[in-house]
Structures are given as structure tokens and as C-alpha cells.
A.B. asks: 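One structure, as C-alpha cells, below. Some questions next.
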Amino acid sequence: MHRAANSNILAFRHTPDSLALTSVCSSHRRPLPAMLKALLLVALSASCLVPVANGSLGPRAQLTVANKDIAPDGYKRSSVLVNGQLPAPLIRAEKGSRYLLNVVNNLTDDTMSRSTGVHWHGIFNKGTPYADGTPIITQCPITPEKSFLYDFTVLDEAGTFWYHSHFRTQYCDGLRGPLVIYDPNDPHKALYDVDDESTVMTLGDWYHKPSPAIVKNGHPESNSTLINGKGRYPGGPKVPLAVVNVQRYKRYRIRLVSISCDPNFEFEIDGHRLTIIEADGHSTHPYTVDSLTIFAAQRYSFILNADQPVGNYWIRAMPNHGASGLDKSFAGGINSAILRYKGAPQDDPTSSRKRGGEHLQEAKLRPMMDARAPGKPYPGGADVNLNLDVALRKKDDRFTVNGASFEDPDVPVLLQILSGARSAKELLPEGSVYPLPRNKVVEITFPITEDNIENPHPFHMHGHVFHVIKSAGNDSEHNYIDPPKRDTVSLGHAGSNVTIRFVSNNPGPWILHCHINWHLERGLAVVLADSIDDFTNKTKYSDTWKELCPTYNKLPSSMKHP
Ligand SMILES: *[C@@H]1O[C@H](CO)[C@@H](O)[C@H](O)[C@H]1NC(C)=O
Ligand SMILES: *[C@@H]1O[C@H](CO)[C@@H](O)[C@H](O)[C@H]1NC(C)=O
Ligand SMILES: *[C@@H]1O[C@H](CO)[C@@H](O)[C@H](O)[C@H]1NC(C)=O
Ligand SMILES: *[C@@H]1O[C@H](CO)[C@@H](O)[C@H](O)[C@H]1NC(C)=O
Ligand SMILES: *[C@@H]1O[C@H](CO)[C@@H](O)[C@H](O)[C@H]1NC(C)=O
Ligand SMILES: [Cu+2]
């Protein structure tokens, strides 16, 4: 990875035996001597870190979280950014890397959360549950002027991931960005020519008000759709849209990442088909579609073959709901970005939307590796079979799962377990923690019995991949042979009865929650306490991890969350 000499970008390449520093700050462009490795974190001092738009980071980096006034869609507001960027900088690493991500809390704006915690979405953190970044499950929040070093190693995973604040609704205010783990032995390598920073595409919703204000006063509707951090709102100014540049006859691996707080997007590119090869970090057999629906927090890699006449083409991402008619059209360039062939004029596309064609059906995603679902090939054929009944409680407009609405406990669940709590009765919040025995096949069914405007809920499980043995939709059949593997699944509408399976092989408390951040805030979560019986204290908890709670508990409540 090479950078301009004066770019203030940290980009480390990690190889099994050595850490080579290919570019850091302005003047040093030589390999890092072994002796200096220990000084790495010192090297990540503030002087290095003047933010640079669209810079990417290596797996060893400082993420400074600070407030900034920005206008990505032409409307200025305060936001919560990593290193001054929206979306947060791409973190890129090779398979097998160790990550040392130092999150520095420099937040000052009291209209939004001033504490934080950063979750690495889709990364299992096997053996390092304290690095999952989930207040108040695996840690206490990082308080203003403090930092926390996330130190974890990802051995087996590769593909497209992302990272975001997991504190309250903070990621809606901007703390969200892509994370890609490149696999030198990618089974699909022969299918594409280009796979770099330019082929990562983020889709997100954007709001004109700070999240704490809009979540308190009802049901937030997004003002604009941002593609790679750029977009327009209905009636707003014609600010520049994101442009994806391609060269005719080259094949691109586009890594589509939903960093959405709420809406799902119907995604398509005029004149081009999309050959899907990855879902949520799992390679799939190639599956060609014309359009797809991507739910909050999901990812797809698809091959884009630039085989059409040189020109400009609309990239379209229609949200399922939004403010002021955002969900109704593409007028004036809303919900859009531009695919531009080399040699095409710098004009807006005039292409039109194709209709019909093949729309992605989740059940048709067939994993390349370890495809068979664990357990026996019939409903309820797991060691542990759970039903999680999602409902909306009318009296206070909160969500419940099997009758319990999730509220943050006073003490992180991980700390409760370390202190010896083991049973559902002992573990808090009451009714929301499900202890699981070690190394068992677990089946979870989510019956959706009533349809309402807040469906469908995309559910995400931390710490595990799961097999979707029954996808959403009334006509979807059970599949035990080669069902989709992913980490975030839509529960669909009434009658769907989505069913997943996984193995409890990652000791720790893992949240399973709706990834519509507004719904999580209204209690739509449970915690799976994996391998609870033999949870041991073998793992080393750093002193900074242990300090998080005492420091957080001393904060005045206004500095915790508005
Ligand atoms: C944190 O904020 C202060 C001012 O609020 C600023 O001087 C300092 O440079 C910031 N630190 C970083 C690492 O950005
Ligand atoms: C932004 O969205 C809110 C609803 O969330 C709406 O009340 C407001 O009018 C929108 N602003 C614009 C400029 O459309
Ligand atoms: C949903 O799945 C569960 C478990 O497989 C089963 O017991 C139940 O009958 C199913 N419900 C419907 C409506 O299909
Ligand atoms: C685990 O370690 C903590 C101290 O870090 C201690 O308080 C606790 O009792 C230990 N728990 C068990 C089950 O050994
Ligand atoms: C699925 O079935 C339920 C009743 O079991 C019905 O209410 C719902 O409309 C059906 N959904 C679709 C998409 O057909
Ligand atoms: Cu939801």
C-alpha cells in the first residue's frame, strides 16, 4: 500500500513475522526496525494524525473520535467522526492479522453521547470478548479524554466487515466505517481485476438532527441516503455525488457495506448485473442478480463487469422509508451515485432504471466453505432449541423478546460472569440473558406473528457466524445442506419464522440484537452467555479494561449520555 509522501496516513502491512511500516506521517517511509515495534503506540501520537479525507488505515492505528460540523448532503450539523472522516476511514488488513486499534475519546459536544465504545462488526473476537466493543455487555464505555486499546487477532476470517460505535445511538451520528480483511488465497480471485479502496462502497442513512433528540421524540426518518459519504436530500442543494470510476472491460470486486442505522436499501446499477460472491464475510458460489435488498449492517461483494458502452450510469439505493419523500424517487440525484467509465464526460448519467430481472433471494446464497448446518436435519434438531418471540409493547412503545425489554445493566455482563454469576436468574438485565452450555448446536427461531410498520428487523449476533436454515418469507423451505451463512439476517414479515443455527464455541457474553439502532435503543436485544459453565479467567484483562467501569461510574450523567 503506497501513499503520497505528504499524506498523514498510517498504513501498516502485517506479515506473520514482521511488521513493515510502509508509510507513516509525513517523512518516514522505511520499514520499521524491530526495536521500534514496541514503540508503535508512541508513534501513533497526535502529531501524526491530522485527518485526511478518504485515507485508509492499517490494522494498527489510532482512531480519534471527535465532534465536527459537517454537511455531507449540504445541510450542516455537528457529528461524531473518526479521524475527522465520514464514513470512518477504511481499515484494511490481511487475513491472519493482529489488530491494535487505539480509540481516543476526544468528544466535547453535549448534545450527543460523549462516551463511546467501538464494535468490529462480524469479527468474532474468539478468546478476547473484552475487545468486542459493546457497552454495557463486554466493557464500560470509554469516557471523554480517555482511550482504550482494542487488541485482537483474527485468524480465520476474511471478507467485508465494518466498525461502528455500539454505545446508545452514537453510530447514527457518524461513527461508522468499513473494515476489509483481504485473503491472498481468495477462492474467487480469478473473477475480478480490481479490489482496493476504490471498490469499497458504503450505504448509509443520514439525519439533520443529533440522534438523542430524534430518538426521544418518536420515530426518526432519515433525511438523505449517503453513498460513500455523499448524497442529497429532497429539496436540498445539488452537492456533488459519489463517483465510482471504472475502466471498460475490467472486472471490479465491489464491497457493498450497509452502515445504515435503520433503512434497508434496494440497490442496483443501471445497465449492469451484479454477481454476488460474498455475504457478511463468507464466500458464496457466484450468484448473478439485477438488484438486491441490503439490510442494516449486512455486506455483499459482487463482481461488476464494466462491459457496457463507455458512459455514466446511475447507482441506485432506495431506502424503505425516509423523510420528505426520500423513499419515493431518485429526483434531483437523491439516493444515487455515479458509475463513470474512463473516457466518459463528467456529466450526470441519463441512464434509466431497469425493471424486473432477478432480485436477490437470500435462500439462494450458497456458501463455498463448511456449508452444512450443524445439528440434525429437521426443525428442533439442535442440542439447544430456543424460540425468541419479538413483540412491540404498546404501553411504552418498547420492544420485548420473550416478554423482556433490554435495558443496559449497571455492570457489564462480562464483569458479572467474571465475578461468578452463571444462571439466567443471576445475570442482568433480568430476563434478557440466555446462558448456553459449551460446544453445543444452538437453534434459534424468531416467529414474527404480527405485522407492523417497524418490520422487518435485521438481527445481528456477535461472536458467531450462523446458518440461516430458514430465510424470511412464507415460502422459504428449511435447508440443512447448504443454507446461507451470515451474521445479520432479516426476520421478515408476519409468518416468516426465520430459523438459524450456530455452535456455542466462543466463551463470552454476546449480544443478539436488532441492527436498527432506534429499535436497539428501545430494548430489542438479548445476550447469549456462551460456554457459561466453563468460563474461566484464563484471558488477561488489561488494567485499562478494568479501569473503564470505575472511571465511567464517576462521570456526571450528562457526560455519559444526553
Ligand atoms: C483533542 O481535542 C483538543 C481540543 O479540543 C485538540 O487540541 C487535540 O489536538 C485533539 N486531539 C486529537 C488527537 O485530535
Ligand atoms: C429531516 O427529517 C425530519 C424527520 O426526521 C423532518 O421533520 C425534516 O423536515 C427533514 N428535513 C428536511 C430538510 O427535509
Ligand atoms: C416456527 O418454527 C418452530 C421451530 O422450528 C416451529 O415449532 C413452529 O411450528 C414454526 N411456526 C410456524 C408458524 O411455522
Ligand atoms: C475472575 O477474576 C476476577 C478478578 O479479575 C475475580 O474477582 C473473580 O472472582 C474471578 N472469577 C472466577 C470465577 O474465578
Ligand atoms: C405470510 O403468512 C401470514 C399468515 O401466516 C400472512 O399474514 C402474511 O401476509 C404472509 N406473508 C406473505 C408475504 O405472503
Ligand atoms: Cu428492529
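Hydrogens, waters and symmetry mates are skipped; everything else that's a heavy atom, side chains included, is used. Whatever order the structure lists them in is the order used to number ligands and atoms, beginning at 1.
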A.B. asks: Can you name the atoms of ligand 3, numbered from 1 with element, that are less than 4.0 Å from a heavy atom of Pro379?
C.D. replies: 5 (O)
A.B. asks: What's the shortest distance from atom 4 (C) of ligand 3 to any protein heavy atom, and which residue and atom give it?
C.D. replies: Thr445 OG1, 3.6 Å
A.B. asks: Please check if any side-chain donor atom of Tyr552 sits under 3.5 Å from a side-chain acceptor atom of Glu547, or the reverse.
C.D. replies: no
A.B. asks: Do Tyr171 and Asp173 get their side chains close enough for a donor-acceptor pair, meaning under 3.5 Å?
C.D. replies: no
A.B. asks: Under the 4.0 Å line, does any protein heavy atom show up next to atom 7 (O) of ligand 3?
C.D. replies: no
A.B. asks: Hey, looking at atom 14 (O) of ligand 3, which of Thr449, Asn385, Asn497 has the closest heavy atom?
C.D. replies: Asn497
A.B. asks: Is the shortest distance from a heavy atom of Thr499 to ligand 3 less than 4.0 Å?
C.D. replies: no
A.B. asks: Using 30° and 60° as the class limits, which term best fits the ring planes of His119 and His164: parallel, tilted or perpendicular?
C.D. replies: perpendicular
A.B. asks: Strictly below 4.0 Å, N to O, side chains only: are Arg60 and Asp151 in salt-bridge contact?
C.D. replies: no
A.B. asks: Check the orientation of Trp120 and Phe152. Use parallel for under 30°, tilted for 30 to 60°, and perpendicular for over 60°.
C.D. replies: tilted
A.B. asks: Nearest N/O/S atom of His457 with respect to the Cu ion (ligand 6), by atom name, please.
C.D. replies: ND1
A.B. asks: Quick one: which of Asn105, Asn106, Thr64 has a heavy atom closest to atom 3 (C) of ligand 1?
C.D. replies: Asn106
A.B. asks: In His519, which N, O or S atom comes closest to the Cu ion (ligand 6)?
C.D. replies: ND1
A.B. asks: Using the rule side-chain hydrogen bond (donor to acceptor under 3.5 Å, both in side chains), only one of Gln170, His561, Arg168, Lys560 pairs with Ser113; which is it?
C.D. replies: His561
